[in-house]
Amino acid sequence: MYLNYLVTSTGDQDLWGAYFTALEDIKEMEVNIANLLLCSDVCYSGRSYCLALASFSTPMAIDFLNKYLEYYLKKPDLWFDQGSVMSALAYIGEQAGEDLVTPHLASWKNFIKNKPNWELDSSIGHFKAEMKVLTSFKNEISSQQVTRGRFLIYSAS
């Protein structure tokens, strides 16, 4: 069902499709989610794409996030998901003990020159809180499920 959302629809379905794909850890959708992020065609879905990519935390996810920033930080009139992408890289880097944000800081500072409300530390803090909730949900789901293929059967407890 969630895979269908990401393949056939736009709008809120993309947002929820990416979020549930992250919850169920369906890494097969990583390229689809990353391409949707790179296109930036759907308003308000980028944050969910970033949450999904950060939850996967693969080298491919990092590569896509870097590509996004390399392009969109050079477009100061396109106010999209730059903060979420920087936050996703910060999250992945913190988990891996790496600094993935510094290579983009000069471009970030230039990008936010005319955006007084864009605060990276605040964005990173909110993103970490969202990842904590997502991780908590994932742990709760995995502790209560029996998996048969892609169908989940939840315990009655």
Side-chain angles (χ1 to χ4, degrees), residues 1-115 118-139 141-142 150:
M1 178 169 102
Y2 311 126
L3 301 178
N4 244 3
Y5 284 155
L6 289 169
V7 174
T8 63
S9 66
T10 60
D12 288 341
Q13 293 91 350
D14 285 348
L15 183 150
W16 290 109
Y19 193 82
F20 286 118
T21 298
L23 274 177
E24 293 188 18
D25 203 33
I26 305 173
K27 289 185 178 137
E28 295 89 350
M29 293 304 296
E30 183 175 37
V31 171
N32 294 53
I33 291 169
N35 284 328
L36 288 168
L37 175 66
L38 290 172
C39 291
S40 290
D41 285 342
V42 181
C43 293
Y44 309 114
S45 294
R47 187 107 175 145
S48 291
Y49 302 151
C50 290
L51 287 166
L53 294 172
S55 76
F56 300 152
S57 291
T58 64
M60 187 185 320
I62 294 167
D63 186 51
F64 276 112
L65 293 167
N66 282 321
K67 284 180 184 177
Y68 180 95
L69 291 174
E70 288 164 8
Y71 180 78
Y72 284 103
L73 285 179
K74 295 176 185 167
K75 307 286 183 187
D77 356 338
L78 301 179
W79 300 33
F80 294 146
D81 300 297
Q82 291 88 335
S84 294
V85 175
M86 289 285 281
S87 298
L89 283 176
Y91 177 85
I92 294 169
E94 183 178 299
Q95 301 302 306
E98 297 178 50
D99 179 4
L100 301 176
V101 173
T102 296
H104 300 288
L105 281 180
S107 296
W108 171 261
K109 288 176 184 173
N110 190 49
F111 174 77
I112 63 165
K113 279 183 184 173
N114 66 337
K115 300 167 188 69
W118 283 56
E119 168 53 45
L120 185 57
D121 289 338
S122 175
S123 181
I124 290 170
H126 285 93
F127 193 88
K128 284 170 68 173
E130 290 178 78
M131 285 301 298
K132 185 176 181 179
V133 170
L134 177 66
T135 302
S136 176
F137 285 158
K138 283 174 82 166
N139 292 339
I141 289 168
S142 68
R150 285 270 180 232

Evaluate side-chain contact (heavy atoms from CB on, under 4.5 Å) for Arg47 paired with Tyr49, printing each intermediate quantity in order. CA-CA 5 Å; Arg47 187 107 175 145; Tyr49 302 151; over 6 Å; no
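- Listed by chain and number, the residues in a salt bridge (charged side-chain N to carboxylate O under 4.0 Å, His left out) with Glu30 amount to none (sequence neighbours excluded).
- At a cut-off of 3.5 Å, with distance as the only test, a side-chain donor of Asp99 or Thr102 sits close to an acceptor on the other residue.
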Determine all donor-acceptor pairs shorter than 3.5 Å in which one atom belongs to a side chain in residues 68-78; sequence neighbours excluded.
{"residue": "Tyr68", "atom": "OH", "partner": "Asp81", "partner atom": "N", "Å": "3.0"}
{"residue": "Tyr72", "atom": "OH", "partner": "Leu38", "partner atom": "O", "Å": "2.8"}

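- A donor-acceptor pair is defined here as one N or O able to donate and one able to accept, closer than 3.5 Å; no such pair exists between the side chain of Glu98 and the backbone of Leu100.
- Shown here for Val85 and Leu65, the closest heavy-atom pair between the two residues is CG1-O, 3.4 Å.
- Partners of Lys67 by salt bridge (charged side-chain N to carboxylate O under 4.0 Å, His left out), not counting sequence neighbours, listed by chain and number: Asp63.
- Salt-bridge annotation for Lys138 and Glu24: absent, with no side-chain N of the basic residue lying under 4.0 Å from a carboxylate O of the acidic one.
- Of all the heavy atoms in Tyr19 and Val133, the pair that sits closest is OH-CG1, 4.3 Å.
- The closest donor-acceptor contact from the side chain of Ser57 to the backbone of Ala54 lies under 3.5 Å.
- The minimum heavy-atom distance linking Ala22 with Leu134 is given by the pair CB-CD2, 4.0 Å.
- Using a distance-only test at 3.5 Å, with no hydrogens or angles considered, a donor-acceptor pair links the side chain of Ser40 to the main chain of Leu37.
- Taking 4.5 Å as the limit, every side-chain heavy atom of Met60 sits out of range of all side-chain heavy atoms of Leu53.
- Separation of atoms CE (Met86) and CG (Asp121) is listed at 10.0 Å; rounding is to 0.5 Å.
- Taken from CD1 in Ile124 to OH in Tyr91, the straight-line distance is 13.5 Å, to the nearest 0.5 Å.
- Ring pair Phe111/Trp118 is perpendicular by interplanar angle, where above 60° counts as perpendicular and below 30° as parallel.
- Although no hydrogens or angles enter the test, the distance criterion places no donor-acceptor pair under 3.5 Å between the side chain of Thr135 and the main chain of Lys132.
- Here the OG atom belonging to Ser45 is positioned 11.0 Å from the CD1 atom belonging to Ile33, to the nearest 0.5 angstrom.
- In this structure, the separation between CZ on Phe137 and CD1 on Ile141 is 8.0 Å, given to the nearest 0.5 Å.
- A donor-acceptor contact shorter than 3.5 Å links the side chain of Ser123 to the backbone of Gly83.
- How far CG of Leu89 is from SG of Cys50: 8.5 Å, rounded to the nearest 0.5 Å.
- Taking CZ of Phe56 as the start and CE of Met29 as the end, the distance is 8.5 Å to the nearest 0.5 Å.
- Ser48 places no side-chain N or O within 3.5 Å of a backbone atom of Ala18 that could act as its donor or acceptor partner.
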